[in-house]
Amino acid sequence: MTEAPESLNFIEQIIEDDLKNELSTEQLRFRFPPEPNGYLHIGHAASICLNFGLGQKYNAPVNLRFDDTNPDKEEQEYVDAIKNDIEWLGFKWDTECYSSDYFQQLYDWAIALIKNDKAYADGQSSETIAEQKGTPTTPGVASPHRNQSVEENLEIFEKMKNGEFEAGRYVLRAKIDMASPNMLMRDPLLYRIINRAHHRTGSDWCIYPMYDWAHGESDYIEQVSHSLCTLEFKSHRELYDWFLDQIIDPEKLRPKQREFARRNLSYTVMSKRKLLELVQSKTVTDWDDPRMPTISGLRRRGYTPASIRKFSDLSGISKRDSVTDVSLLEFCIREDLNKTATRVMGVLDPVKLIITNYPEGKVEMLTAENNPEAENAGTHEIPFSRELYIEREDFKEEAGNKFFRLTIGNEVRLKSAYIIKGESVVQDTAGNITEIRCTCDLESRSGSGTEASTRKVKGTLHWVSVQHAIKAEVREYDRLFLDEAPDSHEDKDFMEFINPDSLKIIKTAYVEPFLQEAKLGDKFQFQRLGYFTLDKDTSADHLVFNKTVGLKDSWAKQKPEPAKQQSHPQNNQAQGQRSAINEIQKISKKYTNLSGAKLEAARADIAKLAENVSYEELEPLFNTAAKKVGTRIGVMISLGVLLKNGLERNAAIDAFIAAGLEDGNELLVAEAKGM
RNA sequence: UGCCCGAUGGUGUAACUGGCAACACGUCUGGUUUUGGUCCAGAAGAGUCUAGGUUCGAGCCCUAGUCGGGCAACCA
């Protein structure tokens with residue numbers, strides 16, 4: 001099983017390397033360190049799956065540590081939500097920790113720093129301190145407090161802790177290097193005064209440690225071996241290490257910070273600030289709005305933990321910024337739900353269908369498979385009668401033979417029921433179809449085993465019986481933004497790209513009676529439509545379904561009508577309008593792989609295309625690298641055509657031909673000789 | 001202007017650490033199918049940002065450049 005050389009991501013590489021050197025497997029420990037100031041989103045899922053996945057892979061503990069050092073922003077509500085989301089994703093943490101648990105230890109270490117003349121209290125305003133920091137290209141200047149005596153620093157810090165100052169009066173700073181090229185090393189803040197109750201420590205403290213001071217030391221206290229964070233913390237690593245140097249006991253494990261790229265998803269935003277803006281501006285209903293990329297939003301939308309884990313797995317881990325296409329997420333949820341969701345029928349845009357030769361008043365209970373993908377999923381019954389609802393879109397009076405659905409005079413199958421044939425329509429005064437009349441082949445009932453029942457017909461429709469149907473509300477969602485990367489535009493605010501049609505509410509859809517029993521969290525496939533889940537807004541007499549994702553629909557692509565925004569319009573265009581010179585380059589690339597007739601054909605194609613190429617287009621390609629022989633040959637052939645058509649020789653041309661004659665490739669030499 | 005990252009098909013990642021650029025999604029074609037789904041078979045699409053260099057051999061190593069990202073919160 002371990003036969004195939006499994007490929008490791010760069011984090012796993014680092015761990016493997018450490019394991020080969022000084023570290024033992026037992027020492028491995030990870031942590032997921034959220035700040036409880038917002039809800040978790042799909043980007044966090046990457047970090048969660050990475051850390052907890054590593055824990056599972058190496059059988060190592062993973063702590064859940066709340067980075068709660070700023071009582072201005074953090075709340076218990078978020079702590080609870082975060083824990084809930086992680087558990088829902090299917091992960092178990094070893095110890096639930098809080099940075100605030102270490103406030104005393106952090107304070108004691110700060111005292112030690114002061115005593116070692118490595119920290120000082122600064123009484124300047126935040127503006128002054130910022131000014132003194134300098135800029136990335138100019139060094140900072142020292143604070144006048146930088147060389148205060150240890151005693152004075154100790155005294156001020158003591159008073160800070162005792163609440164003798166108003167907020168902002170003093171800060172404690174590390175004494176490092178005001179000229180460092182790394183701005184973070186220019187005497188960073190360790191503590192600030194915040195007169196506000198903390199969600200866990202209450203009013204015990206009025207000084208709170210900054211992230212950099214708290215984070216690495218918390219890792220050290222917990223003996224975390226690998227502290228993994230996102231790339232924007234890369235430059236914090238130097239400070240992380242400096243702080244560790246000040247307090248480390250060489251007998252103990254030294255945590256290592258490593259950084260990976262955060263994950264972006266197309267057509268959405270991922271920062272907590274922006275998600276909060278969506279909530280506060282009422283663009284969405286709440287953090288768990290099914291359009292939100294939050295874990296809670298995805299859950300409500302109908303995503304499963306397995307699908308999100310799979311998505312993280314497939315997305316991989318790296319150090320370059322990227323935007324993963326939502327289509328991958330959608331693939332993951334379809335794949336999971338296809339195997340597990342119960343098949344049912346529901347009609348979202350109903351039109352009445354009357355089966356004229358089916359007895360009035362008769363009701364048959366038909367049998368429907370719960371899931372053709374799962375052997376033992378069983379069946380359930382569906383009532384069938386003379387009057388049904390079908391999808392308005394599934395009928396056209398007349399259509400071409402690419403239309404597999406119901407038309408006048410054509411036969412289709414009603415899923416799990418009979419084969420019917422369209423006969424006529426009833427219209428209202430405005431010409432809208434109010435009723436479709438059809439006849440049914442009474443011998444063709446599904447599963448009856450008759451010859452008629454196994455007849456092949458081109459299409460199959462879903463339906464519900466009018467008198468048995470249950471009304472339900474259905475909510476369909478589309479991407480929240482119209483732009484692939486809404487927050488990547490310098491000149492435009494992400495809110496400008498909001499998709500006005502991201503929510504479509506269908507007040508009265510009709511679903512089969514089986515769904516009366518649906519429970520919160522149940523997953524269904526409404527056949528031919530997509531995957532749906534019951535929403536929490538459901539009440540006893542009012543079912544509400546969220547559409548998780550539609551089925552893949554290759555029919556929708558056939559229809560020219562929906563001018564839906566294409567994912568990569570500019571690229572498609574570029575490919576569509578490939579110029580002759582580009583075409584030549586493309587053919588040339590693989591020229592040296594060809595032989596015989598294919599080679600001849602390629603040469604002829606290039607020569608033909610060259611008729612439409614100007615010298616101005618061709619000349620830059622004379623510089624093509626020697627190793628790209630194919631391209632040079634293509635250029636040589638094209639040049640031959642241009643010369644034949646009367647192009648005058650010049651120095652650049654002569655040099656290119658001469659270089660061709662010198663080349664090691666026979667084909668190129670032959671072309672050059674022919675000049 | 002300084003420092004630090006990064007660059008491989010449309011997208012996201014691989015390439016056993018210098019040896020025929022692979023996988024997944026997406027796209028297209030055909031087959032199966034009582035879901036225009038699933039499943040099956042196949043195809044197209046990348047000389048690995050550019051230019052040099054080292055090497056028998058470079059996506060990988062070296063040099064220079066280009067482009068993209070990050071860094072000057074009493075946020076994390």
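Throughout, a chain's letter reflects where its sequence line sits, starting with A, and its residues are numbered from 1. Not measured: the values here are computed from a predicted model.
- For A:Arg200, the salt bridge (Lys or Arg N to Asp or Glu O under 4.0 Å) criterion is met by A:Asp101, not counting sequence neighbours.
- For RNA chain B, the stems formed by at least three consecutive Watson-Crick or G-U pairs, with both atom-pair distances below 3.5 Å, span B:2-7 with B:66-71, B:10-13 with B:22-25, B:27-31 with B:39-43, B:49-53 with B:61-65.
- Among the protein residues, A:Phe233 comes within range of the nucleic acid bases, having at least one heavy atom under 4.0 Å from a base atom.
- Side-chain nitrogen and oxygen atoms of A:Thr138 include none within less than 4.0 Å of the OP1 or OP2 phosphate oxygen of B:G2.
- Note on A:Glu277 versus A:Arg273: salt bridge recorded, some NZ/NE/NH1/NH2 to OD/OE distance being below 4.0 Å.
- If you check every strand for non-hydrogen atoms under 4.0 Å, A:Ser180 touches nothing.
- Closest contact between the side chain of A:Lys319 and the listed nucleotides B:A76, B:G6, B:G37 involves B:G6.
- Of the N and O atoms on the side chains of A:Ser235 and A:Asn182, not one donor lies less than 3.5 Å from an acceptor on the other residue.
- In this structure, A:Arg192 reaches the B:A76 phosphate: one of its side-chain N or O atoms is under 4.0 Å from OP1 or OP2.
- In this structure, NE2 of A:His236 is placed 14 Å from C1' of B:C5, rounded to the nearest angstrom.
- Separating the CD atom of A:Glu484 from the P atom of B:G10 is a distance of 13 Å, rounded to the nearest angstrom.
- Considering only side-chain atoms of A:Lys456, the nucleotide from B:G37, B:U34, B:C5 that sits closest is B:U34.
- Closest to the side chain of A:Asn338, from the set B:G26, B:G37, B:A14, is B:G37.
- Between A:Glu391 and A:Arg405 no salt bridge is recorded (no basic side-chain N to carboxylate O distance below 4.0 Å).
- Taking only side-chain nitrogens and oxygens, A:Arg405 never comes nearer than 4.0 Å to OP1 or OP2 of B:G36.
- For A:Lys310 and A:Asp336, the salt-bridge test fails: no basic side-chain N is under 4.0 Å from an acidic carboxylate O.
- For A:Glu373 against B:G37, a side-chain-to-base donor-acceptor contact under 3.5 Å is present.
- OP1 or OP2 of B:U13 has at least one side-chain nitrogen or oxygen of A:Arg320 nearer than 4.0 Å.
- The distance from the NZ atom of A:Lys133 to the CZ atom of A:Arg186 is 9.0 Å, given to the nearest 0.5 Å.
- Side-chain atoms of A:Ser322 lie closest to B:G12 of the nucleotides B:A24, B:A76, B:G12.
- Under 3.5 Å, the side chain of A:Arg334 and the base of B:U38 form no donor-acceptor pair of N or O atoms.
- Looking at A:Arg445, its side chain has no donor and acceptor atom pair within 3.5 Å of the base of B:U34.
- Applying the 4.0 Å criterion to OP1 and OP2 of B:A73, one finds that A:Ser126 has every side-chain N and O outside that range.
- A cation-pi arrangement is not found for A:Lys159 relative to A:Tyr170, the charged atom failing to lie both closer than 6.0 Å to the ring centre and inside a 45° cone about the ring normal.
- In terms of phosphate contacts, A:Lys272 brings no side-chain nitrogen or oxygen within less than 4.0 Å of OP1 or OP2 of B:A76.
- Checking B:U34, B:U11, B:A24 against every side-chain atom of A:Lys415, the shortest atom distance belongs to B:U34.
- With B:U38, B:A14, B:U35 as the candidates, the nucleotide lying closest to the side chain of A:Lys552 is B:U38.
- Here A:Phe526 pairs with A:Phe532, A:Phe545 under the ring pair (Phe, Tyr, Trp, His ring centres under 6.0 Å) rule; sequence neighbours left out.
- Contacts of A:Pro372 with the nucleic acid, taken as non-hydrogen atoms under 4.0 Å apart, include base atoms.
- A donor-acceptor contact under 3.5 Å is formed by the side chain of A:Arg413 with the base of B:U34.
- When heavy atoms are screened at a 4.0 angstrom cut-off, A:Ser327 is found touching the sugar-phosphate backbone but no base atom.
- Applying the 4.0 Å criterion to OP1 and OP2 of B:U13, one finds that A:Ser318 has a side-chain N or O inside that range.
- Side-chain N/O atoms of A:Arg263 include one lying less than 4.0 angstrom from OP1 or OP2 on B:U13.
- At a threshold of 4.0 Å, the pair A:Glu364-A:Arg445 counts as salt-bridged, since one of the basic side-chain nitrogens sits closer than that to a carboxylate oxygen.
- Comparing B:U8, B:C5, B:C75 by their nearest atom to the side chain of A:Asn70 picks out B:C75.
- Counting only heavy atoms from C-beta on, A:Thr135 has its side chain closest to B:A72 among B:C75, B:A76, B:A72.
- Checking B:G36, B:C71, B:G68 against every side-chain atom of A:Trp555, the shortest atom distance belongs to B:G36.
- With B:G2, B:G37, B:G36 as the candidates, the nucleotide lying closest to the side chain of A:Phe404 is B:G36.
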